[in-house]
Amino acid sequence: MEFSARKGTRHNSVTATQIDKPTEQLESVAIRFAGDSGDGMQLTGTKFTDETALAGNDLSTFPDFPAEIRAPAGTMAGVSGFQIHFSSADIHTPADRPDVLIAFNPAALRANVDDVRPGGMVIINTDSFNEKAQKRAGYEGDPLPELRDRYNLVEIPFTTLNRQALVGLDLSSRDIDRCKNFFALGVLCWLYGRPMNATERWLGGKFKGEVLEGNVRTLRAGHAFGETTELFPASFVVPPAKIEPGTYRNITGNQALAWGLIAARVQLDREVFLGAYPITPASDVLHEVSRYRHFGMKTFQAEDEIAAVSSTIGAAFAGHLAVTVSSGPGFVLKQEALGLAVMTELPLVAINVQRAGPSTGSPTKTEQGDLLAVLHGRHSQSPIPVIAASTPGDCFHTALEAFRMAVKYMTPVIVLSDGYIANSSEPWQIPDVDGLEQSTIEFAKPIDVGEFQPYSRDPETLARPWAIPGTPGLEHRIGGLTKQDGSGNVSYEADNHAKMIELRKQKIDGIASSLPPIEINGPDSGELLVIGWGGTKGSITAAVEQARKDGLDVSQVHLRHLNPFPNDLGDVLKSFKKVLLPELSDGHLALLLRAKYLVDIQMLNKIEGQPFKIIELTDAITKLYKA
Amino acid sequence: MEFSARKGTRHNSVTATQIDKPTEQLESVAIRFAGDSGDGMQLTGTKFTDETALAGNDLSTFPDFPAEIRAPAGTMAGVSGFQIHFSSADIHTPADRPDVLIAFNPAALRANVDDVRPGGMVIINTDSFNEKAQKRAGYEGDPLPELRDRYNLVEIPFTTLNRQALVGLDLSSRDIDRCKNFFALGVLCWLYGRPMNATERWLGGKFKGEVLEGNVRTLRAGHAFGETTELFPASFVVPPAKIEPGTYRNITGNQALAWGLIAARVQLDREVFLGAYPITPASDVLHEVSRYRHFGMKTFQAEDEIAAVSSTIGAAFAGHLAVTVSSGPGFVLKQEALGLAVMTELPLVAINVQRAGPSTGSPTKTEQGDLLAVLHGRHSQSPIPVIAASTPGDCFHTALEAFRMAVKYMTPVIVLSDGYIANSSEPWQIPDVDGLEQSTIEFAKPIDVGEFQPYSRDPETLARPWAIPGTPGLEHRIGGLTKQDGSGNVSYEADNHAKMIELRKQKIDGIASSLPPIEINGPDSGELLVIGWGGTKGSITAAVEQARKDGLDVSQVHLRHLNPFPNDLGDVLKSFKKVLLPELSDGHLALLLRAKYLVDIQMLNKIEGQPFKIIELTDAITKLYKA
Amino acid sequence: MAAEPAVKASRKDWVSDQDVRWCPGCGDYSILANVQRVMPELGVPRENVVFVSGIGCSSRFPYYMNTYGFHTIHGRAPAFATGIKASQPELSVWIVTGDGDGLSIGGNHLLHTIRRNINTQILLFNNKIYGLTKGQYSPTSDLGTKTKSSPQGAIDHPIDPISFALGCGATFVARTIDVDAKHMQQVLKRAHEHKGTAFVEILQNCPVFNDGIWDELQDRKTRAEASLVLEHGQPLVFGGPGKRKGIVFNDGIPSVIDLADEDDPIARGVVVHDEKAPAASYAGVLATLQRPDFPMPVGVLRAVDKATYEDELQKQVDSAIDERGKGDLKELLHSGDTWTI
Amino acid sequence: MAAEPAVKASRKDWVSDQDVRWCPGCGDYSILANVQRVMPELGVPRENVVFVSGIGCSSRFPYYMNTYGFHTIHGRAPAFATGIKASQPELSVWIVTGDGDGLSIGGNHLLHTIRRNINTQILLFNNKIYGLTKGQYSPTSDLGTKTKSSPQGAIDHPIDPISFALGCGATFVARTIDVDAKHMQQVLKRAHEHKGTAFVEILQNCPVFNDGIWDELQDRKTRAEASLVLEHGQPLVFGGPGKRKGIVFNDGIPSVIDLADEDDPIARGVVVHDEKAPAASYAGVLATLQRPDFPMPVGVLRAVDKATYEDELQKQVDSAIDERGKGDLKELLHSGDTWTI
Ligand SMILES: Cc1ncc(C[n+]2csc(CCOP(=O)(O)OP(=O)(O)O)c2C)c(N)n1
Ligand SMILES: Cc1ncc(C[n+]2csc(CCOP(=O)(O)OP(=O)(O)O)c2C)c(N)n1
Ligand code: SF4
Ligand code: SF4
Ligand SMILES: [Mg+2]
Ligand SMILES: [Mg+2]
C-alpha cells in the first residue's frame, strides 16, 4: 500500500501546522459524520466540535441518532449521524445541507448522500465498501461510479490505514479497529486547520496505556495522512468569527438544563431535588445532575413518571427546589399529579424534552408537539406557566428563570425543550456568575398564636405562603379537594369554588406583568412577521435574515413565554399585515394565538421528526410575502 | 297529639283520589327534597319521580350529593338534595328555584332555603328542629320565625307521625325511624295527586315482612295525613304533558350510557369488554354494565385506570367491542395508552364523565372542564374523535354512535358526559329496537398466501383492516413506534413519518363528511346564536325559548361532534351577528371555535360545580343582544 | 386510669379542628383515636410530623391530625412521602392508605417504597372494600364477594398485604386490628421506633359496605382461636386454655398441633417467634397463616435493620462534598474546554 | 442431533421477516432462538399465539416472532394481555418484559395479573439494567451499581423477581438462564403447560451495559456451586461430586450442609423439592436462596392449580345466560316502570 510507508515514517513527527500545501479561505463549512452506531460518529463529531469552538468559529451541531436500540451492523436503521456547521460569520443552524459527508459504510452513504450540496465532498471508508455491505445497505450494485460524477468523492481506506498506524501495539484487533474514527478525525482536523490539543487532552483523561497510545497515534497519523496525501490538494481556513467578547464553551441543551438547575440551587440558596424516570431524550438531564451531589443536588430515579412527579411535589412541600424531567409519553403520565400541584399551589419545575410522536413514535427524533398537552392536558381548569427554551445555551437561563418564577408565584412551572436542542450544541457565552441575581427564599415564619392561613395571599403576586414541615405553629393540611379561600380547608361551596378557580387564573395571568416587552428582530410593524417558539429559533432567525438580505420587509418574534403570553403580544401581532408561524407540529401555538387574538395566522407545519431547513422557511416566507 | 288519632283510624282505607279538598291546577312545580345523607332523600326523590313520570308529566331531575364520604349527621356538609321539576308543558331543566322545599333537618333547611322561590312552600320535619340541631347546622337561634314571613312554612312532625303509624310492628326503633321518608313521600303524593302504585310495587320487590309492611303503612299514612290535615287547604293538579307519542321510561345518563353499550353489543353483534376502575361519578356505568353478563357484557375492574385502558386496547386488538369509562383524573391517566390506540388504529370507546376540578376538586359536582384535555392531552399529534352527550337519554345514542364510528373508522372514540346528566333523570322515549341499524363487523379475512398489510386502508374511510388473533395468515405485529405506511413495520423515515401523521389526521377529519347538517333551533341566520355542547342543552334550550318568547331573535345550536366539527359549522357561525357560548368551564369550545373560524365568540363561563340556571342564561342573552 | 387525664390532655394537641367525616361505627374512628393517643408518647414535636395519604375514606386521616398533612392523589402517597423524606430526612412521616389506595392503584409505589426502605410508617387500613366510592370489591376482598361491581361475586384471587410487603423486601411488617386499642398502640410505637419502612396492616371494619369481615378476630368468643398474638422469643401458641395449639414448620410448610395445657410448646417443636430472623423466609412462612386453616398472626412479624434510602442519599451528598469540596458554580461553568474572545 | 433438521425446519416458521436489532452478544438472541425452537413443539398454531411486550430491548421480542404481536407501552403489557385473554381465552398469550419494564414502571400490573392468575406466560428478562435507555440501574441492580444515573453507586435495595411474584400469589414460578438452551426450553414448555400465570425469570446478560453479572451461573467452573437445579421430588442438592452440599430448613430458615458423596441427602434432612407444596411458604423460603450465601435455584419453584380469571369470567357469562336466558335488548329497555303516551 502506498499510504503505509508515508504514514509509517511520519506519524511521530506530525505538528498542527501545514507546510507543503496551499490553504483556501471559506466563510463557512458544514460537515456530516455518518457511520454505524458502533463507529463512534457522535464522539468524532463532538471532538471536532470542541476543536472548532476553540478555533473561534461560530458553530452549530446536530446529532441524529438511530432508534434507541442497536440495529444490525451495516443497515440503514443503524446509521448514526452528526452534523457540524462552523463559520466566520454568525450562524444559527447546523445548515440545511452538508458541504462534506464522511460515510463510514455504504448504509451511511446511502442514508445521507442525497443531502450533500451538489458538488460537495464525500469521503468514504473504502474498506467497508464490498458487495455484501452494499447489499445490506440496500444498494443494488456499486454506488460509487455514479457518485463520482456528482460529488468530489474522496476514497480512503480508513480501516487499513488505522491498522497500519497501530502496528506493534498490544491491542486486540477489535480494539484497534475501534480507533479508526480518530484517524478520520485527524484527517478532518488537518483539512480544516483545527488544532488537536483538546482532543488529545480529552483522550489523556479518558484512557490509559495502550489504548491511549493507540488513539493518539491514529489521530496524529490521520493528520499526517491529510497533509501528505494527494487526495487533498489544499486545506481550508475558516477564520474565527466576530463574536461578542466573553468566555465561551460548548454546551448541549440537556447539559445546560442540568446546569441551570444547579445555578438555581446556588442562586436561590436551597437544595435541589430532581425526581425522574429515564426516557429518551430527557435522561441526560438526570445523568448530568446526578454527578453533582457536592452541590447539594439530590437525584431520585423513581419507579415511574408518576412517582417521579409525586416525589417532586413531596419535596416541594418539604421546602426543596423540586424539579422533574421527562419527555412526551412520560410527561403525560404526570398530568394528574401536576393538577394536585396546581391545587396545592406548590412551587416546582416540570421539564418536557419533546420528542416525535404520537405514542412511542420516533424517540430520538425531534418535534414541538407537546405544547397543547402541557397547557391543557390536565382535567378541568388547571393553569400552569410555560416557558420554552430556544437554543442549547438558553436552556440554562430557562431552568433558572423557571425556578425563580415557581418560587415567586408559588406555582408549578413547565419548561419545554426538544430533542433537537437537547442534543445539539453551540458555543455558549458563559454567564458571569457574580452578575446573576442572588436571592433568598422567604418561607413562612413560625407563629406562636393564632390560626395559620395557608391560602392567604401576597396582594401583589397572589402567591400563598410556602410553609414547610418542621416550622412550629404552621401545622396545616393540604390536598386535592377544593379549598376554602384563606383557610385552605375543604370546601364544597359554589361561590368559593368559582373564586378559587378565578384566583389561580389571575395569579398565573398576572405573571405577564413581570415579563419584559417583546423583542422584535426587525421593524416593529410592516409586511410580514414570522413568529416562532422553542428550538426552531436558529432556523427561523437564519431564514428571516436571509429574507431581509433578499430585500423583504420581514420581522421576527420568538416567543419564550407561552403561558401567560406577554401583554404586548396582541399589539405586536396586529402591527403586521401578515403573520407566519412555522412549527414542528400541526400548529399548536397557532391555535392559541388565533383563538386569543383572532389574527389570521398562517401556519407552516412540519412533522417529520426533523428540524426546519432554512430553505423551507425562506420559501414559505417568500410565498406568503408575495401572496 | 292531635294527628295520631286521625291517621291511626284511617291509614288502611286510603285511596289515590281526594274527596274532601279542592284541587288547584298548576302548569309546573319544582320540588326539592333535602336531608341528611342517611335520610334517604335520593330514594324519596327517585320514587316521586317514577310516580310523576307515570302520571304523564314532562320532568327533569337533579340529584345533588354531598362529598363522597359521610359527613357528621346534621351538618351542612352532610346535606343531600334531590330536585324534581315536572310540568304539563315541555321542560328542559330541573328549574332554577324550587317551589317547594322539604327539609328534614335544620342543616338541610339552611343549605337550601334561600334557593326557594319567594313565597314558596317550605315543609320541615319539626321533630328534628331542636336547639342542638340548629346549632349544628350553624343557625344562631331559631330560624323558623323569620322564615314564616318569607315562605309558606308547613311544620310536620314526620318522625313522630311515622312512629305512631308503625306502632305494633316488630321493628327496632332505628328501623322504624328509617321509614319516615316514606311518610313524607305519601304526603307529597297526596299533595300533587300522584298515584303510589309504582312505589308500592317497588317496595314489594325490595323488602319483605315487617319492613315491607312498615314502609307501605307509613307511605299510606302520609297520604292519609295529607288528605286530612288542615295544613294543606287544597291539593294540586299538574295535568299530563303533551308529549310525542311513544313508550317512555325514566333514565339517568349513566344508566343510558350502560344501555347504549349493551345496544352496541346487540346491534353490532359482538361481545363487549368494559375495562374500568371505579371513580365518581363514572362508577355507575361499570356497576350497571356488570349486571348484564347474560348479554355477553364482560366487565373487568382493573387495578387502576392505566390497566383499565390497556386491557381495553388489548380487548380491541383481540376483536371485542372494547370500552373504558372514567372521570377527569382517571381519564388523564389513560392518555399515554390512548396515544398507542391512535398509533395502532384500534377501535374502542373511552368515556369521560366529567366532574368539577382541578385535581380531586369536588367529585360529586359537575363541570365541562375536560374538553381540551381529551382533545389535546396526549403528547404529539394524536387526533381522536369526540362526541358529547347532551341529556340523560342522549347518552344511550351517543354510546351506540361512538361504537359505530370506532369500528367504521378503526379509531378510538371519546365520549363526553358530565356529573349532571350522569345522575339526573328525564323521561326517555324508548327507541324502537327493530328500527335500530343492525350491522355486522367486517374483520379481515384469513389469507393463504402473500404478505398481509395491516396498514393498508379503505380508500373511502381510510380505515385499516381489523385483523384479529386467531385468523390464519394475518399474523402481524403492531406497536407504538412510527409505522411504515402499508406494512406497519417500524419506520424512522422522515417522509413516511409526515405521511402517517397526515393520513391519521385525514381519516379523523374525514368523519365530518358523514355527519348530518347542523340542526338549528330557530332561524338560520340573524341577530344572535347561542351555541353550546354537552349537558347544558336543557338550560340553554329553556333560556333560548324564553328569550324568543320575550321577542328576541335568538337561535340555538347544540354541538354533538366536537372533533371533527361538522363541515357546515363555520357557515352557521358566520350567519349570525353575535354568537354566545355558555360553558361550565373557562371556555374550552370557545377557544377551539375562535381559533378555527376566527369568529369573535362571546363566552359565558361558569365554574361553580353547578349547572347553569336559566336566568343566568337569559340575562346573558339579553345583555349581549342589547349590547 | 390514674394517668388518663394527663394522656388525654396531650392527645388533644394532636386533634385538628376539622369535623371528622366517617360513617357512624366506622373502624377508622378507633384507629384515629389510637394514633392520636400514641403520638404524644413518641417525643416528636407536632411540627416535625407529617401525615401523607392518598384517596379513600382512610385517606381522609391527615385532616384530623393537628400536624402537617398532605391528602394527595389516589395511590401515590408513598411517592410523595419519598420526596418529603429525601428533602427533610429528620421528619417523622406517616403514610395512611387503604386496601384500594395502597394495593390497587398504588401497588407499585408501595413496592418501591418498601424495597428502598424509606424511613416512614405505612398504615394500610384493610377493610377489604372501596369505601369512598361506595363499595366496590378491592384487591383484598374475598373470592365471591358480591358488590356493585361484582354482582355475581368477585373472581380475582385476593392479595395478602403482608405477604406482598415481604415479597417486596420489607424490613418491618406488622398487623393489628381497629378494635384492639392496646395492641394497636404497641404496634404503632414499634413501627415508629423502626428505622426503615414500617409496614402495618390494620384490619378495619366498614360497617356500611363490608360489615363484619373481621368479626372472628374481634369477637371474644372466637378471638383466641382465630388469632395468633406474636411476641418476640415466645413460641407460636394460641387457642387459650383447654384449646391450646401451636404452630410447627416442616420444611417450610406450617401446620397446627394440639397442645395440652401443661405441654412445653418448645419441647413439642413449636416454632419460637423471631422477628429478627435474618432471611425473609421465616416471616414469609408466618404470613401464609390465613383463616380458616390457621390463626391470623397479629403483632410484629418482622423487624430487621437495613440502610434507609434517605440516609444513603445524604451520605452520597456528604461524601461528594468531602471528596470534591462544596460545589462552585463559577468553577463548574468554566470546567472543561473554554475559550475567550 | 438426528432430530435437529426437522425441528429447525419448523422453527423457521416462527421467525418473522424483521431484522433483529439487538447488540452483538446480547443474551436476548439466545432467548429468542430458544423460544422459536420451543414453539413448534407446543402444538399451538401460529395464528393462535400472541406475544405482548412493553418497552425495552427485551420488549422488541414480538417483532421477531412470526405470530400476532403487540409491542405496547412501557410497563403495561400484562394489562394489555389481560384484555386479550378476557376476549379470546383460547389464545396462547406470552408476555415479554424486562426488569425495568416489568418491575419498575410495570410492577403494579405484574402484581395484579399474577394474583388474578390470568393464563399467560410472563417472561421477564433480567439483565439488572435498563438496556434500551442506555444503561441506568434497574430495580434488580445490585447495591452500589455504578451507572449514568447512579455515578456514586445505586442505593436502592434490589427486588428479587421471584420473591415478589410469590408475594403476589403466583401459581407458577420458575427461573432459567439465557445460555442454557436445554434448561430454558424445558422451563418454557412447563410454563406453557401451566394453566394460570406462569412467571419465568430469565437471567440475561447485557454485554453492553452490565456485562458478566451472571457469569458465576454460566461459567463451567462455578456453575455447579452457584446454582441449585430444582427437580420435583428430588432433594435440594448441589455442588457436584466432592463438593456436594444440601439445603435444610430450620423453622423456615434455610442453611447449607456439606454432604459426603455417599450420603443419602434425605436421611441427612435435606429438603425434598415439592413444586406443589400447598402454601406459598415453601417456595417463599426457596426464593430467599440468593448468592453469595446460597446457590441460586433454577427450574420450577412452584406450580400449583388455581382458577384462572378468564375462565371464571366466562363461567359468569355462561351461568348468567343459564339463569336469565340470553339478554334481549327490547326487554331490557322496557324493564321496570314504563308508560305509553
Ligand atoms: C385516579 C383516581 N381514580 C379513582 C379514584 C376513585 N377512588 C377514590 S378512593 C377509591 C378507593 C378507595 O378504597 P380504599 O383505599 O380501600 O379506601 P377506603 O375508602 O376503603 O378507606 C377510588 C377507586 C380517584 N379518586 N382517583
Ligand atoms: C412512559 C415511558 N417512560 C419511560 C420510557 C423509557 N424507557 C424505555 S425502555 C426503559 C427501560 C427498559 O428496561 P428493561 O425493561 O430492563 O429492558 P431492557 O432494555 O433492559 O431489556 C425505559 C425507562 C418509555 N418508553 N416510556
Ligand atoms: S364507607 Fe365504610 S370505610 Fe368509609 S367511612 Fe363509611 S364505614 Fe368507614
Ligand atoms: S443494550 Fe444490552 S440488553 Fe439491550 S440489546 Fe444491547 S446488549 Fe442487549
Ligand atoms: Mg378499603
Ligand atoms: Mg433490563
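Lettering follows sequence order; numbering is per chain, from 1.
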For A:Trp259 and A:Tyr292, take the angle between the two ring planes, folded into 0 to 90°, and tell me which bin it lands in: parallel under 30, tilted 30 to 60, perpendicular over 60.
perpendicular

Write out, in numerical order, the residues from residues 97-109 of chain C with a heavy atom short of 4.5 Å from a heavy atom in chain A.
C:Asn108, C:His109

Distance in Å, C:Gln314 CD paired with A:Arg293 CZ, rounded so as to fall on 0.5 Å steps
10.0 Å

What part of A:Ile468 gets closer than 4.5 Å to chain C, counting heavy atoms only: side chain, backbone, both or neither?
both

Please state whether the side chain, the backbone, both or neither of A:Pro427 comes within less than 4.5 Å of a heavy atom of chain C.
both

Of all of C:Asp328, C:Thr67, C:Asn66, C:Thr82, which one pairs up most often with chain A through heavy atoms under 4.5 Å apart?
C:Thr67

Using heavy-atom distances under 4.5 Å, tell me whether A:Leu321 contacts chain C through its side chain, its backbone, both, or neither.
neither

Residue A:Gln429 versus chain C: region with a heavy atom under 4.5 Å
neither

For chain A, find which of C:Thr338, C:Val52, C:Ile341 contributes the most heavy-atom pairs closer than 4.5 angstrom.
C:Ile341

With a 4.0 Å cut-off, would you call C:Asp311 and C:Lys195 a salt bridge?
yes

At a 4.5 Å cut-off on heavy atoms, which part of A:Pro431 comes close to chain C: side chain, backbone, both, or neither?
both

With a 4.5 Å cut-off on heavy-atom pairs, point out which of A:Gly275, A:Ala263, A:Ala318, A:Gly296 contacts chain C the most.
A:Ala318

Return the orientation label for the C:Tyr63 and C:His71 ring planes: parallel under 30°, perpendicular over 60°, tilted otherwise.
perpendicular

Looking at A:Leu474, A:Asp50, A:Val490, which makes the most heavy-atom pairs under 4.5 Å with chain C?
A:Leu474

How long is the straight-line distance from OG of A:Ser491 back to NZ of A:Lys483, given to the nearest 0.5 Å?
9.5 Å

Residue from A:Pro469, A:Gly314, A:Ala315 scoring the most non-hydrogen pairs under 4.5 Å with chain C is A:Pro469

Is A:Trp428 close to chain C through its backbone or its side chain, or both, or neither, when contacts mean heavy atoms under 4.5 Å?
side chain

Could you tell me which portion of C:Val50 (side chain, backbone, both or neither) has an atom closer than 4.5 angstrom to a non-hydrogen atom of chain A?
side chain

In terms of heavy-atom proximity below 4.5 Å to chain C, should A:Ile430 be classed as side chain, backbone, both, or neither?
side chain

Side chain, backbone, both or neither: which part of A:Phe273 has an atom under 4.5 Å from a heavy atom of chain C?
side chain

Between A:Ile306, A:Ile262, A:Asp304, A:Thr299, which shows the greatest number of heavy-atom pairs under 4.5 Å with chain C?
A:Ile306

Quick check on A:Thr312 against chain C: is it the side chain, the backbone, both or neither that has a heavy atom closer than 4.5 Å?
neither

From the options C:Glu90, C:Glu310, C:Glu312, select the one residue that forms a salt bridge (Lys or Arg N to Asp or Glu O under 4.0 Å) with C:Lys85.
C:Glu310

Less than 4.5 Å to any heavy atom of chain C: does that hold for the side chain of A:Phe300, its backbone, both, or neither?
both

Contacting moiety of C:Phe51, where chain A heavy atoms sit under 4.5 Å:
neither

Chain C shares the most heavy-atom pairs under 4.5 Å, among A:Asp434, A:Val266, A:Leu340, with A:Leu340

Heavy-atom contact with chain A under 4.5 Å, split by part of C:Gln316
both

Would you mind telling me which of A:Pro446, A:Ala307, A:Gly246, A:Gly480 has the largest number of heavy-atom pairs within less than 4.5 Å of chain C?
A:Gly246

Checking C:Ser335 against chain A: side chain, backbone, both or neither under 4.5 Å from a heavy atom?
both

Max heavy-atom pair count under 4.5 Å with chain A, selected residue of C:Ile84, C:Ile321, C:Asp318
C:Ile84

Interatomic distance, CZ@C:Arg21 vs OH@C:Tyr64, rounded to 0.5 Å, equals 6.5 Å

Of C:Leu332, C:Leu313, C:Asp322, the largest count of non-hydrogen pairs under 4.5 angstrom with chain A goes to C:Leu332

Under a 4.5 Å cutoff for heavy-atom pairs, which residue among C:Arg116, C:Lys326, C:Lys330 has the most contacts with chain A?
C:Arg116

In terms of heavy-atom pairs under 4.5 Å, which option from C:Thr340, C:Leu333, C:Ile73 contacts chain A the most?
C:Leu333

